[in-house]
Number of protein chains: 2
Amino acid sequence: MTEEAQQAENTEEKIRQVAKRLFTERGYNGTKIRDVAEEAGVNIALLNYYFRSKERLYESIVIENFQEYIGALSKVLNEPGLSLEERIRRYTAQMIDTLKANPDLAFFIMNEGRNNSGFCQRFMANHDAVVAESKMAEQLQSEAKVGAIRPIDMFMFDALLHAQLVMPFVQLPIWRQMERTRDVNFNEFLEQLKQTVPDMIMAYLRSKP
Amino acid sequence: MTEEAQQAENTEEKIRQVAKRLFTERGYNGTKIRDVAEEAGVNIALLNYYFRSKERLYESIVIENFQEYIGALSKVLNEPGLSLEERIRRYTAQMIDTLKANPDLAFFIMNEGRNNSGFCQRFMANHDAVVAESKMAEQLQSEAKVGAIRPIDMFMFDALLHAQLVMPFVQLPIWRQMERTRDVNFNEFLEQLKQTVPDMIMAYLRSKP
DNA sequence: GTCTATACTTCGATAGAC
DNA sequence: GTCTATCGAAGTATAGAC
């Protein structure tokens, strides 16, 4: 039984915690309920007693992970009193810190988008609506109208920004290995990213078409 | 048996083609050799006759996929007679076209980097060495020395560029679904990307620190 | 609630006939 | 080379005792 399991209040929560970690790390196919049971210090029968099946257990984890992911994003989008540039910088930093706290989350969400895209779709559609009506989108539009920045499709903007923030975490295992063989450090890279990504986006927005 | 299988010259190649598609789409754990056999129009015994085991079959596919992926990248890096900006634009277009031709490749490579990072590591290390000694790297450095562009770490440059090119393909299933419900088109988006990504990178490089 | 024991299913691999 | 038949391992789920 792992340390995390011992700390949980009750058995159901204990199982859920282990399952969340394993599913997030290894995906649905890569996770065996035997492993979950073992690491949680219980037996398989108990998993099915609480969650009825592997699939239902997984579903509850998916929902949790999506909420965690989207929650982080939504916060900064409408925070009052920020200039466009400040908002982009805050958004970037917030996103990186969230993923830092749960590095497998990014890959899990992506994976889910491929295997179970119906489910993922609903969450993403929801998020996109939030983005489209956000203060961020409003500022992008109004600043473009005044000619302060180059006009950009909100969709494209979101895609490019996300790509730059999410990818490093997707490649994390490769980073970990490179950290041993070369003079690179993932955390330093992330701190650089917080600077470079907003710099790059602002440079683009302020450049002439 | 699928159409692709019927067209193959011999049985071994037939099996390999189906396996490549399924492994690339579904990953190692998600692919069942039963499915491969069925779609190839043969039985399981024959798979093992040719490839000895699922794992060996998979390995041969991995190698093929990596070569396809890296081959596309390497081409443009040293092509003579290109300015830095031209090279970046060519590189972008080349990458997008390669992934367009095999849309699951990007995700496969990423997935591989997580599950089998030792193997992936060797390929990536190789690629990084090629990049570091490329005409692209040389131009980035010399132009920065002259003050024509802002100095940038080759590593960071590569990461940001790749992130923007690869991510759309990783999210492709979500795109496909959105294409039905909204007024978006993946191929149009890719064409826009060919313009926007180099624009953004050049804007950054030409901006003041 | 929790366990043991076991049933049921899927999967990868192989023996042996042709 | 290709097939049928089958084995053994691994995985999920459940019955039933406590």
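Chain identifiers are assigned alphabetically (A, B, ...) following the order of the sequence lines, protein sequences preceding nucleic acid strands; residue numbering begins at 1 within each chain.
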The side chain to side chain contact (heavy atoms under 4.5 Å, CB included) partners of B:N126 (sequence neighbours excluded) come to B:V130
Report the residues that fulfil salt bridge (charged side-chain N to carboxylate O under 4.0 Å, His left out) with B:D153, sequence neighbours left out, ordered by chain and then residue number.
none
Can you list the residues that meet the ring-ring contact (aromatic ring centres under 6.0 Å, His included) rule with A:F23, with sequence neighbours excluded?
A:Y58
Applying salt bridge (charged side-chain N to carboxylate O under 4.0 Å, His left out), which residue pairs with at least one partner in residues 93-102 of chain B are found, sequence neighbours left out?
B:D97-B:K194, B:K100-B:E191
Along DNA chain D (nearest heavy atom to each residue), the more 5'-positioned of A:K54 and B:T11
B:T11
Round to a whole Å and report the spacing from CG of A:N43 to C1' of D:dT14.
12 Å
Does anything in residues 181-200 of chain A pair up under ring-ring contact (aromatic ring centres under 6.0 Å, His included), and if so which pairs, sequence neighbours excluded?
A:F169-A:F186, A:W175-A:F186, A:W175-A:F189
According to the interplanar angle, ranging from 0 to 90°, do the rings of A:H127 and A:H162 count as parallel (below 30°), tilted (30 to 60°) or perpendicular (above 60°)?
perpendicular
Would you mind classifying the nucleic acid contact of B:Y49 as base, sugar-phosphate or nothing, using non-hydrogen atoms under 4.0 angstrom?
base
First and last nucleotide of DNA chain C in contact with chain B, 5' to 3', at under 4.0 Å to a heavy atom: what are they?
C:dC11 to C:dA15
What is the distance, to the nearest angstrom, from the CD1 atom on A:I44 to the P atom on D:dG11?
9 Å
Taking only residues at least two apart or on different chains, which pairs with a member in residues 82-92 of chain A satisfy salt bridge (charged side-chain N to carboxylate O under 4.0 Å, His left out)?
A:E79-A:R90, A:E85-A:R89, A:E85-A:R206, A:R89-A:D199
A:D35 atom CG is separated from D:dA10 atom P, nearest whole Å, by 12 Å
Taking side chain to side chain contact (heavy atoms under 4.5 Å, CB included) as the test, write out the residues that go with B:T11, two or more places apart.
B:I15, B:V42, B:L46, B:Y50
For DNA chain C, which residues of residues 26-34 of chain B approach it to below 4.0 angstrom with any heavy atom?
B:T31, B:K32, B:I33, B:R34
